[in-house]
Amino acid sequence: MNRHLVVRVGAYSIRADRRTLTVCGVLLLAALGLGLLGLCLGGSWTPPGDVLAALAGYGDDVVVVQEWRLPRVLAALVFGAALGLAGALFQSLTRNPLGSPDIVGLDAGAYTGALFAITVLGGGPAYLATGSIVGGLLTAAAVYALSLGSGLGGLRLIVVGIAVNAMLTAVNSWIVLRAEMEVALAATGWSAGSLNGLDWHEVVLPFAAIAAFTLLLAALAPAMRQAALGDEQALASGVRLDRLRLLMVLAGVGCTATVTAVAGPIVFIALAAPQIGRLLTRAPGVALAPAALSGAVLLLAADLAAQLLLAPVALPVGVVTTVIGGCYLAALLARRRSRQAA
């Protein structure tokens with residue numbers, strides 16, 4: 001049986017693995033199911049039928065569902081997908097499962113930029129977004145410069161990234177300690193990574209930015225597939241590797257920084273989602289679509305758990321993702337040890 005499906009769009013053709021398409025379909029259904037559950041949860045349980053009626057504009061729960069719960073659910077899905085994409089990009093660039101933004105310090109760098117915007121520039125939405133992106137880009141440049149001996153791959157970049165992450169974490173703590181009490185309290189709560197209280201005003205612009213980065217990645221997808229086969233084959237097919245890698249870094253940092261600017265640093269989704277997508281699809285490389293859908297499912301499931309664990313008090317979602325990340329790292333180490341033993 002042919003394992004691949006060819007889809008033609010105009011003059012272009014897209015060749016997709018059937019298993020990958022099946023996994024993406026299942027993940028999409030899981031995301032929709034969790035999204036419906038998220039719309040039902042809140043201060044009180046709303047039956048699914050009433051939720052669907054409210055989404056259509058009918059019933060007594062329109063304001064609760066459309067204005068209070070829907071922005072949070074969509075934020076979990078979109079931000080999770082953005083973090084999954086960012087993780088897939090950096091793991092593809094570094095060719096290392098630990099090469100994710102939160103491990104190599106990009107989350108901490110984006111948080112540093114956001115803290116600078118809060119404490120020095122006043123903390124408006126535009127300043128937060130700009131500060132996060134600039135902080136993430138400067139961190140990426142620093143990590144790359146310090147690991148020039150190994151380029152974008154190899155263990156050296158991961159070690160340098162961990163060191164930069166530790167230093168930036170110390171800098172962030174110092175900024176918070178030096179800030180005024182109200183600013184410090186707000187920054188400390190925000191640093192845990194939280195989707196609590198998000199409304200449409202706060203998520204519309206980030207959604208548009210993430211959509212733009214996703215379109216950029218869609219345009220880069222053919223060149224990325226060639227690059228995954230090796231530098232020599234990519235160069236022979238006309239791919240400009242330096243330009244491609246620069247655009248991939250910009251898209252990855254942009255996705256990470258956009259999420260950080262709104263919800264704070266949400267760790268480990270970018271680390272785990274690409275590998276979960278790869279495990280499910282059994283693909284040789286890190287595919288973007290399974291990584292994005294895995295990230296969306298992971299973050300939404302983590303946010304639902306954060307709402308339920310100590311209900312009616314809602315935990316920051318970053319607390320739950322940290323636990324997930326710790327379990328993932330332990331499983332990854334155990335799996336590698338069993339492979340070495342075999």
Side-chain angles (χ1 to χ4, degrees), residues 34 38 71-87 90 100-118 123 125 128-129 131-133 135-136 139 165-166 168-169 171-173 175-176 179 183-199 202-203 206-207 209-210 252-274 292 294-310 313-329:
L34 289 173
R72 178 174 185 151
V73 169
L74 290 180
L77 291 171
V78 174
F79 292 169
L83 293 174
L85 286 174
F90 282 99
S100 69
D102 40 1
I103 296 295
V104 300
L106 300 188
D107 275 13
Y111 182 40
T112 303
L115 282 178
F116 180 82
I118 291 173
L128 270 176
S132 295
I133 292 174
T139 304
N165 187 28
L168 287 174
T169 300
V171 170
N172 294 340
S173 298
I175 293 175
V176 172
V183 175
L185 289 174
T188 301
W190 180 67
S191 67
S194 177
L195 302 176
N196 298 339
L198 289 181
D199 57 27
E202 296 173 290
V203 300
F207 285 178
I210 291 171
V253 171
C255 287
T256 302
T258 300
V259 175
T260 302
V262 181
I266 299 175
V267 298
F268 289 115
I269 297 295
L271 173 68
S294 297
V297 170
L298 274 178
L299 186 54
L300 184 51
D303 188 49
L304 292 175
Q307 296 179 60
L308 292 172
L309 285 175
L310 296 179
V313 177
L315 290 173
V317 68
V319 175
V320 179
T321 60
T322 300
V323 175
I324 294 174
C327 296
Y328 168 79
L329 285 176

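Numbers here simply count residues along the sequence, with the first being 1.
Annotation: side chain to side chain donor-acceptor pair (under 3.5 Å) contacts of Ser191 (sequence neighbours excluded): none. With sequence neighbours excluded, the residues forming a side chain to side chain contact (heavy atoms under 4.5 Å, CB included) with Asn172 are Ala108, Tyr111, Thr112, Leu115, listed by chain and number. Shown here are the side chain to side chain contact (heavy atoms under 4.5 Å, CB included) partners of Leu309, two or more places apart in sequence or in another chain: Leu315, Val320. With sequence neighbours excluded, the residues forming a side chain to side chain donor-acceptor pair (under 3.5 Å) with Ser100 are Asp102, listed by chain and number. In terms of the side chain to side chain contact (heavy atoms under 4.5 Å, CB included) criterion, residue partners of Ile133 (sequence neighbours excluded) are, by chain and number, Leu137, Ala257.
For the residue pair Ala314 and Asn196, the shortest heavy atom distance occurs at O-ND2, 3.5 Å. For Gly136 against Leu106, the heavy-atom pair with the smallest separation is O-CD2, 3.7 Å. Contact record, Ala179 with Ala184: CB-N, 4.2 Å, taken as the closest heavy-atom pair. Considering all non-hydrogen atoms of both residues, Leu195 and Ala263 come closest at CD2-CB, 3.8 Å.
Taking a 6.0 Å sphere around CZ of Phe116, one finds it holds 12 or fewer heavy atoms contributed by other residues, nucleotides or ligands.
For the side-chain contact (heavy atoms from CB on, under 4.5 Å) with Thr256, the lone residue among Pro101, Pro265, Ser132 that qualifies is Pro101.
Between the side chain of Thr321 and the backbone N or O of Gly318, at least one donor-acceptor pair lies under 3.5 Å.
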Could you list the donor-acceptor pairs under 3.5 angstrom formed by side chains in residues 74-84, with sequence neighbours left out?
none

Counting only pairs under 3.5 Å, give me each side-chain donor-acceptor contact of residues 297-306, with atom names and distances, residues two or more places apart or in other chains.
unit_1	atom_1	unit_2	atom_2	d
Asp303	OD1	Arg72	NE	3.4
Asp303	OD1	Arg72	NH2	2.9
Asp303	OD2	Arg72	NE	2.9
Asp303	OD2	Gln307	NE2	3.3

* To do: Take Val317 and Ile266 through the test side-chain contact (heavy atoms from CB on, under 4.5 Å) and record every step on the way to the result.
  => CA-CA 7 Å; Val317 68; Ile266 299 175; 3.9 Å; yes
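Once rounded to the nearest 0.5 Å, the distance linking SG of Cys327 with CZ of Phe268 reads 10.0 Å.
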